[in-house]
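Working notes, structure below.
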Protein chains: 2
Amino acid sequence: MARANSGPVPVVVMGLGAIGREIARAALQSEEVTLIGAVDTHPALLGKRLDELGVPSPIKVEPGLRRGPARGPRPVVLHATGSSLSAIADQLLAAVKEGHPVVSTCEELAFPWVRHPELAERLERAAQRAGVTVLGTGVNPGFVLDRLAATLGQTLGPIRHVLARRVVDARGRREALQRKIGAGLTEDAFDALAAEGRVGHVGLIESAALCALGLGIDLEEYEEEVAPVIAHEDIPGGAFVVPRGRVAGVNQIVVGLQDGQERVRLELMLALGAEPPGDQIVIESDTRLAVDVQGGIPGDAATAHLVVHAAPRVASAESGLLTVLDLPAGR
Amino acid sequence: MARANSGPVPVVVMGLGAIGREIARAALQSEEVTLIGAVDTHPALLGKRLDELGVPSPIKVEPGLRRGPARGPRPVVLHATGSSLSAIADQLLAAVKEGHPVVSTCEELAFPWVRHPELAERLERAAQRAGVTVLGTGVNPGFVLDRLAATLGQTLGPIRHVLARRVVDARGRREALQRKIGAGLTEDAFDALAAEGRVGHVGLIESAALCALGLGIDLEEYEEEVAPVIAHEDIPGGAFVVPRGRVAGVNQIVVGLQDGQERVRLELMLALGAEPPGDQIVIESDTRLAVDVQGGIPGDAATAHLVVHAAPRVASAESGLLTVLDLPAGR
């Protein structure tokens with residue numbers, strides 16, 4: 001087996017918001033990695049011990065990555081500071097230049113060639129030069145609507161169409177996410193924000209691109225629709241009550257086309273009280289494959305575990321910018 | 001991306017029984033590979049054109065692999081001649097010594113370290129020496145009960161228990177499979193064959209080992225049970241009618257234990273009229289993940305496509321004996 005077991009891989013978590021803390025917790029649970037550092041520049045976090053942030057570790061939050069010794073492998077940076085690649089690319093480039101492999105939850109990094117081809121090229125070159133690997137992953141993009149669909153497609157011949165649908169009841173999710181999907185807004189306010197791309201999920205087009213690539217489908221264009229889900233009655237149970245008539249969340253659809261024909265359809269409903277929560281993948285080939293994840297894969301925790309499981313692979317992979325499609329199935 | 005597209009990979013199918021023909025058909029459908037040869041020594045097949053065997057290609061069945069040029073990569077051998085590794089190891093070793101990467105449907109090759117550690121070691125050494133890769137795959141072992149479970153487990157932390165269950169109505173499968181699972185036998189005849197290991201599915205322990213490895217579970221022992229499924233009424237629709245009271249197929253269970261505790265449970269019911277057909281995976285971690293494949297992944301066709309999709313990976317992978325857990329998700 002090529003699976004040489006050379007002991008746990010040292011990792012540093014960068015960004016200690018809700019997801020970063022989940023990643024730190026997942027890293028502490030894992031035998032594959034050893035958490036050796038935590039980085040965040042936010043004044044409220046800097047200098048705190050992780051156990052003051054709900055993560056059972058005495059590690060202190062530092063303002064930046066430590067300079068390593070002149071030789072030898074650097075820890076893998078588990079990066080969770082933002083969804084926008086333009087906003088965080090400098091953090092990635094700096095880590096890469098210091099020789100750190102990087103696994104990031106940045107949604108746009110999951111498949112940066114669609115929206116940010118120039119940044120993708122810069123990251124690819126920097127990673128090659130430093131001899132390290134960079135990967136964007138998470139539950140979505142990175143798993144449910146793309147990597148899992150591609151894995152299932154390994155049992156099929158040429159694919160005619162794929163539908164992947166995820167319905168998440170956002171009541172159990174962090175408040176930042178509930179705000180991001182527009183919960184509590186009036187429909188007008190939602191539409192105004194949606195027109196500016198300031199509400200909804202980031203990364204659905206990236207998922208569509210990954211899904212298509214993994215299933216051998218050549219997409220030529222994408223259409224994205226971000227529609228509000230309206231509360232038909234008051235919805236309690238979230239970070240705040242959504243009154244009847246207000247927005248409960250988002251119903252987002254990306255269609256990928258080839259020769260004007262729909263080949264990929266991804267649907268993501270993220271709303272307070274959305275039901276029934278669950279994930280579904282339907283692939284049309286010679287036969288039809290339909291798979292259901294009962295209740296859906298849990299969001300933030302899954303993202304954290306996916307990041308941690310990717311770390312040993314990224315530490316040993318050939319250098320460059322990878323996608324989750326390059327990851328093996330096992331631990 | 002590390003996904004260099006260097007054109008289709010040349011492949012040769014070895015073994016032109018039902019599965020080998022499915023593989024040849026799948027290869028012809030794929031843009032990832034080019035079918036350039038077919039090998040079988042059976043007198044009924046030798047010299048025939050594939051299109052005489054239901055595969056739309058003029059390629060002729062030859063008795064052995066052609067000697068390639070002194071340099072350059074050899075075609076990948078897609079091997080489908082048997083389930084028993086002892087019986088086919090010499091075929092694999094001969095192909096490897098000639099420099100061919102190999103993807104085989106041999107069930108015991110999916111994880112040969114459990115039942116055949118010495119053969120595994122020989123194959124590993126031969127593959128390393130020749131600089132090629134050898135892999136065993138198929139739907140089962142190789143996908144439903146192991147690779148898919150491991151992939152799903154990437155979203156979870158430490159795993160307490162995994163159950164994977166597959167129910168296949170064997171009426172739609174080839175007659176050889178219907179015989180292999182004891183269909184039509186009396187219960188006594190079934191039990192006598194089962195005691196000698198001559199009835200039932202080959203590879204469930206291999207699946208359990210792969211499943212455990214991919215989910216980070218260290219198994220110490222396996223228990224296997226092969227029980228008959230008795231027809232409660234006449235079952236038509238298969239290659240022959242199974243009369244009421246006779247065996248309709250097999251219900252096979254493998255339990256993997258650690259410290260005497262069940263950690264992995266695989267259940268495979270392969271029987272004429274088995275219902276409801278489908279695949280189910282339930283993984284217990286901090287949370288519980290339950291996934292259903294409606295109707296189940298189609299058997300023989302899925303094996304053929306899995307073999308074909310693995311060929312480009314095996315052609316470019318580092319040398320040695322791999323498992324499906326090392327394969328990436330995408331095409």
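In what follows, chains are A, B, ... by sequence order, proteins preceding strands, each numbered from 1. These numbers were taken from a predicted model, which means no experiment stands behind them.
B:Thr287 has its side chain within reach of A:Pro298: a pair of non-hydrogen atoms, C-beta onward, lies under 4.5 Å apart.
Minimum heavy-atom separation, B:Ala329 to A:Thr151: CB-OG1, 3.4 Å. Heavy atoms only, all atoms of each residue included: B:Ala150 and A:Gly330 are closest at CB-CA, 4.3 Å. Contact between B:Gln29 and A:Asp286 at its shortest, heavy atoms only, is NE2-OD2, 3.4 Å.
The most heavy-atom pairs under 4.5 Å with chain A, out of B:Val291, B:Thr133, B:Leu148, come from B:Val291. By number of non-hydrogen pairs under 4.5 angstrom with chain B, the leading residue of A:Ala26, A:Ala127, A:Gly153 is A:Gly153. Options B:Gln294, B:His309, B:Gln154 differ in how many heavy-atom pairs under 4.5 Å they form with chain A, and the most are formed by B:Gln154. Among A:Ala120, A:Pro158, A:Gly216, A:Gly142, the residue with the largest count of heavy-atom pairs under 4.5 Å with chain B is A:Pro158. For the set A:Ile297, A:Val144, A:Val324, the count of heavy-atom pairs under 4.5 angstrom toward chain B peaks at A:Ile297. With respect to chain B, the highest number of heavy-atom pairs below 4.5 Å among A:Leu306, A:Val293, A:Asp292, A:Thr303 belongs to A:Asp292. Residue with the most contacts toward chain A among B:Asp146, B:Val139, B:Leu215: B:Leu215 (heavy-atom pairs, distance under 4.5 Å).
Of the two parts of B:Leu152, the backbone and the side chain both hold a non-hydrogen atom closer than 4.5 Å to a non-hydrogen atom of chain A. Heavy-atom distances place both the backbone and the side chain of A:Ala290 under 4.5 Å from chain B. Heavy-atom distances place no part of B:Asp279 under 4.5 Å from chain A, backbone and side chain included.
Within 6.0 Å of the CZ atom in A:Arg122, the count of heavy atoms belonging to other residues, nucleotides or ligands does not exceed 12.
Exactly one of A:Leu325, A:Ile217, A:Leu213, A:Ile159 qualifies for a side chain to side chain contact (heavy atoms under 4.5 Å, CB included) with B:Arg331. That residue is A:Ile159.
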